[in-house]
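The basis for the numbers below is simple: all heavy atoms, side chains too, and nothing from hydrogens, waters or symmetry mates. Numbered from 1 within each chain, the chains take letters A, B, ... in sequence-line order. Keep in mind the model is a prediction, meaning the values are calculated, not measured.
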Amino acid sequence: MVSLKPEVLARAGLLLQYVVSRDVPWLRPVGCSVGEDGFKCDFISTSGRWPDESLVKKVERAVVELESSGGVAPKYVGLVSDELVRLLGRSATYEINGVEVFLESEVKPSERAVKAVLIRNVSAHNPAKDVSLVRLIGVAFDDLDEYREWVEYYEEAIRRDHRVLGQKLDLFDFYEEAGPGLVIYHPKGQLIREELIKLVREINSRLGYSEVYTPHVYRSVLWKISGHYDLYRDKMVLADVDGEEYGVKPMNCPGHILIYKSRTRSYRDLPVRLAEFGTVYRWEKRGELFGLLRVRGFTQDDGHAFVREDQVELEVGNILREVFNLLSLFGIARENTRIYLSTKPEKYIGSDEAWDKATQSLKRALDKLGIQYEVKEGEGAFYGPKIDVHFRDSLGRWWQCSTIQVDFALPERFNLEYVDSDGSKKRPVMIHRAILGSIERFMAIIIEEFEGRLPTWLSPVQVIVVPVSKDVAEYALEVTEKLKNAGIRAVEDLSDETLQKKIKMAYEQAIPYVLVVGRKEATQKTVTIRGRGNLQASNVPLDTFVRELINEIRERALSQKALINILSKSPAIQNS
RNA sequence: GCCGCCGUAGCUCAGCCGGGUAGAGCACCGGCCUUGUAAGCCGGGGGUCGCGGGUUCAAAUCCCGCCGGCGGCUCCA
């Protein structure tokens, strides 16, 4: 991630507004804000026209020309009174050659000249129902080297894009005939899913969750009880069958609640913990879909804990610990994660006291683990406070993955109870949690994190065996067989291609290990191991490699530990 | 859903502006080569140019609608 300078973005935003109002009379500037990924400048189009590409290029050039011809210093005037600008929350006015331009008040524009401006997109912005603005978003630099570095970074980001890699590595695809936002996993993508599911099953068992399985459609009456029918209907897939209405599940909770309700629960039974890899469908609006990161059908590693109020903190703490294990398992840098605690919104259900208790429990759980987080006041769901973990994708966008939500609403709506020690009936609290969030979204994040070069345990193909020539084909098959018998996902490449090409293909398919075998290896029952980064160990006994590789996979190692171990333990077999 | 851009072979893309009926590379198939470390050589098959309508003697190319994708906005795991 190349970091942009807010003060440079601010200056560019101000100058951009100035040249636009100078050169494009039908666009009136109304505001500009600065974020970590660029500036956003909003304009009113008084003619109803939209700026086209050539106009955008012209304006970009005009800013740089203005700067190179001496530039002009934006003069701070004060806070604005304009209603529209207030609506945009950008309340400082500046003046350039007598033209009023705007900027959010917190940022100070740079004194230094802007050397490069790149407008990345023109789009509509609708801060209110009846207001449509022209929004230019872009980046700016006061140093040409930084500009070039940013462009390079951006091109790199496209190569890491999970949509590009997903196709190149034959993991998954979307098909027009199938419908937008509906992912179809190819065999290799499904192998990754299976590994992730296996991982979460282990986490679930550590946390005491029992896995269940529930249907994909329910009678609408269930969605009416849960409240989804009223609150969520526009995102639900509903169908009338035999004169009855059914709804495809957008969430798994109602099914789990029915299980909770299947018998009388004692305070001793709690927490009751149910987990499911539940595939849900949410009919997101068309423009909101985005690769695997935003789809219409996805599988959550969902789980619901029915707890007493006094159990919330411990339960949340345990889940959080697993979430952080997960981050380190995938080597996701802390700077690429954000943790939020969202508190009571304006509209809410449940008592203030319960909210306060639950929120304090979440806080204490976070603090006990020494986790740094941001509080989003009033951003909680109407049914309870929550903790969310967001990850950053290759383009710098943030996506919510892990989530832990306290819920007072559903226990109420479904009239959930347990019998307390004094024989009285009490209402449990529900904790909704997802460790990965959605498997789809999480997969996208890790594909980008690793640029497709997944750690061995996650790689759909872990080893490819490449014979040097046809006469060692049999040995290649023998090696592959042995690896497969050891539970390793191995394939052989007996095609007619040259060795060089086979190696190149293996690298492009991001296969972690290439085993080259020729006459020498065949007679000695060894393999020559080629790992990532052209790291190589020659003539390693096959058994040694299998043993080390099984360890690497079992430990879910991030690095190519097997090869590194072999190289460090027996430098004698190194042979270049 | 809103604004803009885009949609040509399995993939990446050229051709579209100034209409005359489709091309390249990779992949695939066949042959030669029998390979010791990131693309060996030669040949071949493959496209109702996203779908539908309109303009025209003639549409991949111009116009309209729809479908799908992308970048933003809004919303979310």
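- Here the two rings, on A:Phe290 and A:Trp399, have centers that are under 6.0 Å apart.
- Between the side chain of A:Gln536 and the base of B:U37, at least one donor-acceptor pair of N or O atoms lies under 3.5 Å.
- Spacing between atom CD of A:Gln509 and atom P of B:C11 amounts to 15 Å, rounded to whole angstrom units.
- Comparing the same atom, P, in B:G30 and in B:A38 gives a spacing of 27 Å after rounding to whole Å.
- Note on A:Asp471: nothing from the nucleic acid sits closer than 4.0 angstrom, heavy atoms only.
- By the stacking rule of 5.5 Å between ring centres and under 30° between planes, A:Trp50 does not stack on the base of B:G4.
- For A:Trp398 and A:Phe391, the ring centers sit 6.0 Å or farther from each other.
- Nearest-nucleotide mapping onto RNA chain B: of A:Arg120 and A:Val468, the residue sitting toward the 5' end is A:Val468.
- The C1' atoms of B:C2 and B:U56 are separated by 35 Å, rounded to the nearest whole Å.
- Taking CD from A:Glu379 and NZ from A:Lys386, the interatomic distance works out to 8.0 Å, rounded to the nearest 0.5 Å.
- A:Arg286 contributes no side-chain N or O that forms a donor-acceptor pair with the base of B:C67 under 3.5 Å.
- Distance noted for atom C1' between B:U12 and B:G47: 16 Å (whole Å).
- Expressed to the nearest 0.5 Å, how far CZ of A:Phe442 lies from CG of A:Leu436 amounts to 5.0 Å.
- Heavy-atom distances to RNA chain B give each of A:Gln300 and A:Phe174 a nearest nucleotide, and the one nearer the 5′ end belongs to A:Phe174.
- Distances from the side chain of A:Glu284 to the nucleotides B:A77, B:C3, B:C32 place B:A77 closest.
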